[in-house]
Student: 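Sharing a structure below in structure tokens format, with a few things to ask.
Residue numbers start from 1 in every chain, and the chains themselves are labelled A, B, ... in the order their sequence lines are given, proteins ahead of strands. From a predicted model like this one, the values you see are computed outputs, not experimental measurements.
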There are 2 protein chains.
Amino acid sequence: MAATKASTIYDVAKVAGVSHQTVSRLLRGHAGIREETRARVLDAIEQLDYRPNITARNLRNGNTGMIALAIPDLRQPYFAELAQSVIGAARAAGLTVFVETTDGNPERELSVLGGAQSQLVDGVLYIPKSIDADILTAQNIDFPIVLLGDRILNSQFDHVTLPNLEGAKAATQHLISRGRKQVAFIGAEPDTDFGAAALRLRGYRDALEAAGIAYRQELVIFDSEWERHSGASSMKSLLDSGVPFDSVFCCNDALAIGALRTLLSAGLRVPDDVAIVGFDDTEDARFSFPSLTSVSPGRDELARAAVGLLQRRIEEGGARGEREEIVSGYSLAIRESTAGAS
Amino acid sequence: MAATKASTIYDVAKVAGVSHQTVSRLLRGHAGIREETRARVLDAIEQLDYRPNITARNLRNGNTGMIALAIPDLRQPYFAELAQSVIGAARAAGLTVFVETTDGNPERELSVLGGAQSQLVDGVLYIPKSIDADILTAQNIDFPIVLLGDRILNSQFDHVTLPNLEGAKAATQHLISRGRKQVAFIGAEPDTDFGAAALRLRGYRDALEAAGIAYRQELVIFDSEWERHSGASSMKSLLDSGVPFDSVFCCNDALAIGALRTLLSAGLRVPDDVAIVGFDDTEDARFSFPSLTSVSPGRDELARAAVGLLQRRIEEGGARGEREEIVSGYSLAIRESTAGAS
DNA sequence: CTCCACGAGTTTATCGATAAAAAGAGCAAC
DNA sequence: GTTGCTCTTTTTATCGATAAACTCGTGGAG
């Protein structure tokens, strides 16, 4: 069972009684091969169970048909689901995805962009977390890259992003339409005017304004982690503050799940006492109790757009076209957490 | 910015005024290079920002330093968390992980084992889902492979597995120790004597027996999907059956989360009316309300063991040692879902 | 003074594929 | 009968790295 060395194009050629180049031409689908020769070669391929060595092919061609997906952490459901969507979209486009987790750690993020692995792929889909536009620009990146998500918004790079403002606005309006007047906001980030948090806050404010409700600073909770545990403590601090509220918009589902847990633990009823909406429409949202209303950004569409854009850039080669920015659509998945008198 | 072609060892050699082989020797850490030459080469490397082309290296060496992780679906939190653990363990071992999702689809599972990508990696960590031992054996696999998880138990392959029986037994005993007498079981699989489901059922029965409680078929719900939605409907069918029960062991957390949701929707109180335990200790379990008691198999330990075993096999090359089977340890994370009179 | 060992490099071959150039065979046209 | 032109196949070069064989001074032993 000593791993019989895989057969090569030369082995096939020998068996078929032709030169290796003939085999190669057949494999690449080139014309100009006599029917009888073709049959012999195919036979040999079959017989030897030949499979092309992609490493060799990659070396020769200079491209690999792989793209990297640089993503912070698969443990977070949103990222895991997004990764799955990207993998699916890439497969449909004939590409393979190499998932690189960065832990949201600046060094690891940079190493994905510059490290050894980066030559193994034709391009990178990059979900930035701890790197900002300036650092990224300074990296003099010499391969196609598409940003996905919202940490970095105004850079020189192609970008696929979520309908942050619109989604947050729609979610907030939905709460208001259900008769809520004191809408809290969890997930603001200090000191940023761009990025998802700022845009979602903007959408929230727009919705309040449109409804003639005053914006109140004390209803806005800062939270830049956007994870379940932080959502839980953010909600705790909101409750502790004593400021009354009847609903809350959370910047993502993880925050919402955490916040929900804190609310229920505190003996509050959802949605009766407090209604909640999240953002991302992860599967968690469907199975919490009560189930969670959430802004659905259309992950598959997003992934398709990102993969498609990256693929175009790869095909363009050096000739970089105009920078592109794609914003996905959204819909609001309305569930139990915002039920009630409409 | 037309992607200046990356520099090669020949470029470095030219700049340093030596032959390419000298550069290679230096990179590989071979001895026999004068200090002064070394400095010149290092200088050139620095100056050209040279980085070795791993594709070329792979072709020459025949190995890639990558392992594949064949996993059904990243959307399921357990798999996502496991993937993250494997990536971490591999990184610590100096390996890179190539995540391949199979969707639990037989064709895709086989294609991972035989397909083009498989030559790109030195070995495969394989979480089987829809393939059974016979099919797998028939594949005549000629590279190192380690099975992870429990769908296939008695095969010729190395295997890292969970403490299925012991964990399920401990969980059931925990329920019994909390005064529960009518313990239901969700997640049995028909027609299997091996595999996780069967072993966990065995553990459940052992615990009942040890406590002198009769095993009752009508409390055992079949469910081979082990996902949230199926857990929800399994619980629904249990409730519909009218058979009284005061607690339930679910074969994994996904089932438990789904079941929990159904229970709460039905107006039952958890744990007052029904206590629940899950298996896997995913992060979901900590943030549901009530939080979920779960058997924790020590994912990091499991991942380390699997990666370590695979790495040994890779280093051994053809000389395959004795088949190994590793069972991880476990602990019981006790949370709100089983609180109550102890 | 010759021979051999040794350190420090250099040349050459190789991994498995693809691309470009070259070569033979067969046939029509002048 | 030679030239020219397809059609098919073979030869040769190349991608970037590594391994093995080879070269060339130098110094020590005999």
Side-chain angles (χ1 to χ4, degrees), chain A residues 3-42 44-45 48-66 116-122 317, chain B residues 3-42 44-45 48-66 116-122 142-143 317:
Chain A
T4 45
K5 191 124 99 240
S7 42
T8 74
I9 195 173
Y10 288 90
D11 300 327
V12 173
K14 185 144 73 177
V15 170
V18 297
S19 85
H20 71 279
Q21 180 60 7
T22 304
V23 181
S24 176
R25 296 170 62 82
L26 186 149
L27 289 169
R28 317 270 3 268
H30 280 257
I33 299 185
R34 225 184 317 155
E35 196 46 56
E36 186 248 325
T37 314
R38 165 189 307 271
R40 265 213 327 275
V41 174
L42 287 175
I45 287 178
L48 294 175
D49 189 29
Y50 165 79
R51 255 160 297 172
N53 178 319
I54 32 181
T55 303
R57 180 175 285 175
N58 292 347
L59 173 59
R60 180 64 232 230
N61 289 346
N63 71 311
T64 62
M66 297 216 297
Q117 248 57 32
S118 72
Q119 333 162 329
L120 229 151
V121 298
D122 299 337
Chain B
T4 45
K5 192 124 97 242
S7 42
T8 74
I9 52 172
Y10 289 90
D11 301 327
V12 172
K14 186 144 72 177
V15 169
V18 297
S19 85
H20 71 280
Q21 181 59 5
T22 303
V23 180
S24 176
R25 295 169 63 83
L26 187 149
L27 288 169
R28 317 268 5 266
H30 280 259
I33 299 184
R34 227 182 318 157
E35 197 45 55
E36 185 248 324
T37 314
R38 166 189 307 271
R40 266 212 326 275
V41 173
L42 287 176
I45 288 178
L48 294 174
D49 189 30
Y50 165 79
R51 256 162 296 174
N53 178 320
I54 31 182
T55 303
R57 181 176 285 175
N58 292 347
L59 174 58
R60 181 63 231 233
N61 290 345
N63 73 311
T64 62
M66 298 216 298
Q117 248 58 34
S118 73
Q119 330 163 328
L120 229 150
V121 298
D122 298 337
D142 59 353
F143 48 80

Student: Show every donor-acceptor pair shorter than 3.5 Å between a side-chain atom in residues 8-15 of chain A and any protein atom, with sequence neighbours excluded, or say none if there are none.
Tutor:
unit_1  : atom_1 : unit_2  : atom_2 : d
A/Thr8  : OG1    : A/Tyr10 : N      : 3.0
A/Thr8  : OG1    : A/Asp11 : N      : 3.4
A/Asp11 : OD2    : A/Thr8  : N      : 2.8

Student: Pairs of donor and acceptor atoms involving the side chains of residues 18-35 of chain A, under 3.5 Å and at least two apart or interchain, shall be tabulated with distances.
Tutor:
unit_1  : atom_1 : unit_2  : atom_2 : d
A/Ser19 : OG     : A/Gln21 : N      : 3.3
A/Arg25 : NH2    : A/Ala31 : O      : 3.1

Student: Apply side-chain hydrogen bond (donor to acceptor under 3.5 Å, both in side chains) to B/Asn53 and list each qualifying residue two or more places apart in sequence or on a separate chain.
Tutor: none
Student: Would you kindly compare A/Asn61 and B/Arg38 by the position of their nearest DNA chain C nucleotide and give the one closer to the 5′ end?
Tutor: B/Arg38
Student: For nucleotides 5-10 of chain D, print each protein N/O atom paired with a nucleotide N/O atom at under 3.5 Å, atom names and distance only.
Tutor:
unit_1 : atom_1 : unit_2  : atom_2 : d
D/dT9  : OP1    : A/Arg34 : NH2    : 3.2
D/dT9  : OP1    : A/Thr37 : OG1    : 2.4
D/dT9  : OP2    : A/Arg34 : N      : 3.1
D/dT10 : OP2    : A/Ser19 : N      : 2.7
D/dT10 : OP2    : A/Ser19 : OG     : 3.1
D/dT10 : OP2    : A/Thr22 : OG1    : 2.8

Student: Considering only heavy atoms, which members of residues 49-58 of chain A lie under 4.0 Å from some atom of DNA chain C?
Tutor: A/Tyr50, A/Arg51, A/Pro52, A/Asn53, A/Ala56, A/Arg57
Student: Output all residues satisfying salt bridge (charged side-chain N to carboxylate O under 4.0 Å, His left out) with A/Arg51, sequence neighbours left out; order by chain, then residue number.
Tutor: A/Asp49
Student: Mind checking side-chain hydrogen bond (donor to acceptor under 3.5 Å, both in side chains) for B/Asn63 and listing every partner two or more places apart, or none if nothing turns up?
Tutor: none
Student: Do the side chain of A/Ser7 and the main chain of A/Leu48 share a donor and acceptor less than 3.5 angstrom apart?
Tutor: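 Yes, the answer is positive, given that a donor and an acceptor are paired below the 3.5 Å cut-off.
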Student: For DNA chain C, whose closest nucleotide is more 5', that of A/Ile9 or that of B/Arg60?
Tutor: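 It is B/Arg60 whose nearest nucleotide is closer to the 5' end.
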Student: Give me the first and last nucleotide of DNA chain C, going 5' to 3', that has any atom under 4.0 Å from a heavy atom of chain B.
Tutor: C/dA8 to C/dG16
Student: B/Thr64 side chain to B/Leu120 main-chain N or O, any donor-acceptor pair under 3.5 Å?
Tutor: yes
Student: Considering the terminal five base pairs at each end of the helix from C/dC1-D/dG30 to C/dC30-D/dG1, what angle separates the two local helix axes, rounded to 10°?
Tutor: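 The two end axes of the helix from C/dC1-D/dG30 to C/dC30-D/dG1 meet at 80°.
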Student: Holding to side-chain hydrogen bond (donor to acceptor under 3.5 Å, both in side chains), I want the full list of residues that pass it with B/Glu36, two or more places apart in sequence or in another chain.
Tutor: B/Arg40
Student: Considering all heavy atoms of both residues, which atom of B/Leu59 and which atom of A/Ala56 are nearest to each other, and what is their separation?
Tutor: CD1-CB, 3.8 Å
Student: Partners of B/Asn61 by side-chain hydrogen bond (donor to acceptor under 3.5 Å, both in side chains), sequence neighbours excluded?
Tutor: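 Partners of B/Asn61 under the side-chain hydrogen bond (donor to acceptor under 3.5 Å, both in side chains) test: none.
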Student: I need the B/Asn58 CG to B/Arg60 CZ distance, nearest 0.5 Å.
Tutor: 13.0 Å
Student: Quick check against the 3.5 Å criterion: does B/Gln119 have a side-chain atom that pairs as donor or acceptor with the backbone of A/Ile54?
Tutor: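 Yes: the side chain of B/Gln119 pairs with the backbone of A/Ile54.
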